[in-house]
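Numbering starts at 1 and runs along the sequence shown.
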Amino acid sequence: MPPKEQQFGSHSVHRGGLASIARIPRRGLAMALLVRVVLFSSVITLILTVLQLTLSYRSERSSLESRFDEIDQATSRSLGESLWAMDSKQLEEQLDGILRLPSIRAVGVREVRSSGDTFIIFRGERQTSNAIVKEYPLVCCGARPQQIGVLHIEATLAEIYRDVAAQALVILFSNAAKTFLVAFFILFAVHHLATRHLRDIAGSVGGIRPDADLAPLRLRRSRIEGDELDQLVDALNTMRERLRRHAVELGNANARMAAILDNIPDLAWVKDTQGRFIAVNRAIAASKGFAGPEEMIGKTDFDFSPPELARTYLRDDAEVMASHVSKRIEEQHINADGSTTWIETIKTALHDGTGRVAGTVGVARDLSERKRAEEEARESERRYREVQMDLAHANRVATMGQLAASIAHEVNQPIAATVTNAQAALRWLSVQPPDVEEVREVLCRIVSDGNRAGSVVRRIRELIKKAPPRKEPFDINEAIREVIALTRGEAMKNGASVQTQLADGLPFAECDRVELQQVVLNLIMNAIEAMSGVSDGARDLLISTGNADPGWVLVAVRDSGPGVAPDTTEHVFAPFYTTKSTGLGMGLAICRSIIEAHGGRLWASANQPCGAAFQFTVPTRSDV
Ligand SMILES: Nc1ncnc2c1ncn2[C@@H]1O[C@H](COP(=O)(O)OP(=O)(O)O)[C@@H](O)[C@H]1O
Ligand SMILES: [Mg+2]
């Protein structure tokens, strides 16, 4: 159904003019206009009246003065003759005639030589104020005219004043009446044509609510195309329609946002700058014990969280709003049953259309599950590392077992030499006198042999010892030399010659020394074992070190054995891959896991002209 057009009190529109004037508001535009019109026209009327009265006064006065001249022209001759004849009766009659003329109040004749008030004849009353006085010469007739007297005339201005005052009253009254009539007409017209519609418009615009489906505004009159009021009404109706559409769009956007919020399994909310919730999803409303999101709107954390916690939340919000940087908070909550819940909260500042901070947006999720998984992953990682260490240790012990015979031989040599030397020393002591100098020399050799044997045993113990891996810088060439010393006997036993090309000035390696030695030991042992199966040709073992990419050292162990087939260069690193009857197949797998744990790489390739090359990289100390 189309919305009904708004009409305003049409039942009262066409009632009498007076009734509608009575309804005109005392403080409206029409009344203001009325006051101004009355004031303005009163001032104009006053000015015009004064002007008109001045003009009228002047013209009356000049007509009075010209009447004097007429009297002079009409009477001076006969008056002159009467005066010449000293006919006082005649003079009196003549003066009485003049006195009867309008406004003339006094008239007199005096001799020309007399002065002041010595009149021959005087009629009427002398005027003391508001008077015009004129004197004319009286000339006698005859052959030689000469002035014989003076005609003195006095007229009063009081009548002119009375006329002017009466005129003023008429003008003022008529103008006032006209002004008031016109003003009231204006008042009525303005009210009828404009202000009542403006009030209707104001009432209608005041009632506009974006959510209400209001009818378009119509005035209490028929349309006047192109008239300002209809233009205003059209503009307002357009604005109202736009506002309504905007409200609909806003409603849709809000509904979309609510749908998005509700589909987030986490707790999600939007707060204003005062910490009041302005949008929340079902998840958080339910978690705070509300039946629905709308129940939580307008509340603050203080309404449902312990004050201490609410203050913390408020502080976090303020921090996020001040810094404009998102804040991630992980906190542990102790539940009533003693279990713990991990909550991760991410808060971000909310900005309005002008870029000003308008509040905060927050999302919180239960991290307990992830925390447990992380803990489990850490635990299994730790166990894996432990197993790896056990395995590496077992591998070291097994390799040492393999080397036992040759190492025993190695240790045996200095011990045997010590025995021989000790016997020689005894002999030098038994001669008379004992040759102390020889004894000293022999004892020095015993000490160095003992040290040699001791250092072999120490290295073996270090390799066999089960210690947690340590990352500390060490001289890689020195560590490799120690391994070569341990395997020298084994190499000799297998007829292999060991060559080294250890680069000078290498930066210190930064990894676990024992683990690195274990890798080198495994590679050397594999090389010796591989070459021992070759019946002819040289058995050359070359161990080299050098710089790799910046931050890395490269170690290579090359042999002249049968080599690794190109398609098995990766297989050899698989656990339990072995081609030996007594082999375990774990050596290279352990080596690779050790190197990779340090971030390096271990790979096999063909050696030139024959044999295999195993190379690996280890990180160097960063500040060297
Ligand atoms: N230097 C080498 N030359 C040729 N083959 C080798 C060499 N080193 C290792 N291999 C091959 O890789 C396999 C796996 O070596 P490894 O993991 O050390 O186990 P094992 O030594 O117990 O066999 C060996 O059995 C051998 O076939
Ligand atoms: Mg091996």
Notebook entry, point to check: Is it true that R328 and D316 make a salt bridge, defined as a side-chain N closer than 4.0 Å to a carboxylate O?
Noted result: no
Extract all donor-acceptor atom pairs below 3.5 Å that involve side chains of residues 175-185 and protein atoms in other chains or at least two apart in sequence.
unit_1: N175; atom_1: OD1; unit_2: K178; atom_2: NZ; d: 3.2
unit_1: T179; atom_1: OG1; unit_2: N175; atom_2: O; d: 2.7

Check: Is N281 reaching over with its side chain to a backbone N or O of L261, donor-acceptor style, under 3.5 angstrom?
Finding: yes
Check: Is the shortest distance from a Lys or Arg side-chain nitrogen in E369 or R372 to a carboxylate oxygen in the other one below 4.0 Å?
Finding: yes
Check: In terms of side-chain geometry, is the basic nitrogen of D72 or K134 positioned less than 4.0 Å from the acidic oxygen of its partner?
Finding: no
Check: From F68 CZ over to I132 CD1, what is the distance, rounded to the nearest 0.5 angstrom?
Finding: 5.5 Å
Checklist line | R77 side-chain N/O to L138 backbone N/O, donor-acceptor pair under 3.5 Å | finding: no
Next item on the list: Could you point out which residue of V133, V107, V109, L95 forms a side-chain contact (heavy atoms from CB on, under 4.5 Å) with H152?
Entry: V133
Margin query: Check this for me, if you would: do R315 and E319 make a salt bridge, where the nitrogen-to-carboxylate-oxygen distance has to be below 4.0 angstrom?
Written below: no
Notebook entry, point to check: Applying the side-chain contact (heavy atoms from CB on, under 4.5 Å) test to L229, which of D234, L219, L193 qualifies?
Noted result: L219
Next item on the list: Quick one: pull up CG in N130 and CD in E159 and give me the separation to the nearest 0.5 Å.
Entry: 11.5 Å
Item checked: Flag, side chain of Q274 to backbone of R276, donor-acceptor distance under 3.5 Å -> no
Notebook entry, point to check: Does a salt bridge link R221 with D200, judged by any charged N lying under 4.0 Å from a carboxylate O?
Noted result: no
Margin query: Other residues, nucleotides and ligands only: do more than 12 of their heavy atoms fall within 6.0 Å of NE2 on H246?
Written below: no
Next item on the list: Output yes when R382 and E379 qualify as a salt bridge under the 4.0 Å nitrogen-oxygen rule, no when they do not.
Entry: yes
Next item on the list: Verify the distance criterion only: is there a donor paired with an acceptor across the side chains of S78 and Q94 at less than 3.5 Å?
Entry: yes
Next item on the list: Please indicate whether R105 has more than 12 foreign heavy atoms, meaning atoms of other residues, nucleotides or ligands, lying under 6.0 Å from its CZ.
Entry: yes
Next item on the list: Could you tell me whether E241 and R244 make a salt bridge, using a distance below 4.0 angstrom between a side-chain N and a carboxylate O?
Entry: yes
Next item on the list: Would you tell me whether Y57 and D163 have side-chain atoms, one donor and one acceptor, within less than 3.5 Å of each other?
Entry: no
Checklist line | E295 side chain to F290 backbone, donor-acceptor under 3.5 Å | finding: no
Notebook entry, point to check: Does R242 pair with E249 as a salt bridge, N-O distance under 4.0 Å?
Noted result: no
Margin query: Within the supplied structure, the quantity of interest is the number of heavy atoms (other residues, nucleotides, ligands) at a distance under 6.0 Å from E125 CD; does it exceed 12?
Written below: no
Checklist line | Polar side chain donor-acceptor pair, R240 to S204, under 3.5 angstrom | finding: yes
Notebook entry, point to check: Is the closest basic N to carboxylate O distance between E472 and R621 below 4.0 Å?
Noted result: no
